[in-house]
Amino acid sequence: MTAPEQYASVRYLVDDVRAAIDFYTTHLGFTLNTSAAPAFADVVRGPLRLLLSGPASSGARATPDDAATAGRNRIHLVVEDLDAEIDRLRGAHLPFRSDLVTGPGGRQILLADPDGNLIELFQPAHR
């Protein structure tokens, strides 16, 4: 697996991880980096890493129902100390859109920008 800090990561919520892997690798020149299908996979093209999260993934479970339609994508920011970031941002009275969710790859929470666009703050699991 390639180090994620080499990439700008974008999470796409998909209904079928295997179909998404096939689409991106067959048609758009991405290469498969890791696969935990049917829940999750990531594909890479240059400096872009697409995180393909199926319905059972922790990334999809964190998404509020009113943001679970087409256009439900968000930027994915890796942080070193998620608890400290949550405390700092709550102290600034910023709106969180999900509870803290933990999965095998790490922990995450969703924040909304002033326009309601979602930002995922993610702390990888220690390996």
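Using modelled atom types, no side-chain atom of Q123 and backbone atom of V79 make a donor-acceptor pair closer than 3.5 Å.
Side chains of R107 and L100 form a contact here, defined as non-hydrogen atoms less than 4.5 Å apart. Residues L110 and I119 fail the side-chain proximity criterion, which asks for heavy atoms closer than 4.5 Å. Considering only heavy atoms from C-beta on, P124 comes within 4.5 Å of V78 through its side chain. Inter-residue side-chain proximity for L121 and L89 is flagged as met; some heavy-atom pair is nearer than 4.5 Å. Considering only heavy atoms from C-beta on, N33 stays 4.5 Å or farther from V43 through its side chain. Residues L77 and F122 have side chains not in contact (no heavy-atom distance under 4.5 Å, counting atoms from C-beta outward). Taking the side chain as every heavy atom from C-beta outward, L111 and L118 never approach each other to under 4.5 Å. Looking at heavy atoms from C-beta onward, Q6 lies out of side-chain contact with P47 at the 4.5 angstrom threshold.
Judged by the 6.0 Å distance and 45° axis criteria, R45 is not positioned over the aromatic ring of Y24.
Among residues two or more places apart in sequence or in another chain, the side-chain contact (heavy atoms from CB on, under 4.5 Å) test is passed with F23 by H27, L28. Looking at residues two or more places apart in sequence or on another chain, you find no side-chain hydrogen bond (donor to acceptor under 3.5 Å, both in side chains) involving D16. For D99, the side-chain contact (heavy atoms from CB on, under 4.5 Å) criterion is met by no residue, not counting sequence neighbours. For S53, the side-chain hydrogen bond (donor to acceptor under 3.5 Å, both in side chains) partners are R11, not counting sequence neighbours. Here D22 pairs with T26 under the side-chain contact (heavy atoms from CB on, under 4.5 Å) rule; sequence neighbours left out. With sequence neighbours left out, A37 forms a side-chain contact (heavy atoms from CB on, under 4.5 Å) with V17, R18, S35.
For the atom pair R88 CZ and R90 CZ, the distance stands at 13.0 Å (nearest 0.5 Å). With rounding to the nearest 0.5 angstrom, the CZ atom of R49 is 4.0 Å from the CG atom of D42. The CZ atom of R97 sits 11.0 Å away from atom CZ of R74, with the distance rounded to the nearest 0.5 Å. Put simply, CD on E120 and NE2 on H76 are 5.5 Å apart, with the number rounded to the nearest 0.5 Å. With values rounded to the nearest 0.5 angstrom, D15 atom CG is found 12.0 Å from L52 atom CG.
Residue A39 comes nearest to S57 through the heavy atom pair O-CB, 3.3 Å, listed as atom of the first residue, atom of the second, then distance.
Under the 4.5 Å side-chain heavy-atom criterion for grouping Ile, Leu, Val, Met, Phe, Trp and Tyr, Y12 is not connected to F40 through any hydrophobic cluster. Both F30 and I21 belong to a common hydrophobic cluster when Ile, Leu, Val, Met, Phe, Trp and Tyr are linked at side-chain heavy-atom distances under 4.5 angstrom. No single ILVMFWY cluster, assembled from side-chain heavy atoms under 4.5 Å apart, contains both L51 and L32.
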**OP:** Evaluate side chain to side chain contact (heavy atoms under 4.5 Å, CB included) for I109 paired with E85, printing each intermediate quantity in order.
**Re:** CA-CA 10 Å; I109 195 166; E85 287 298 308; over 6 Å; no
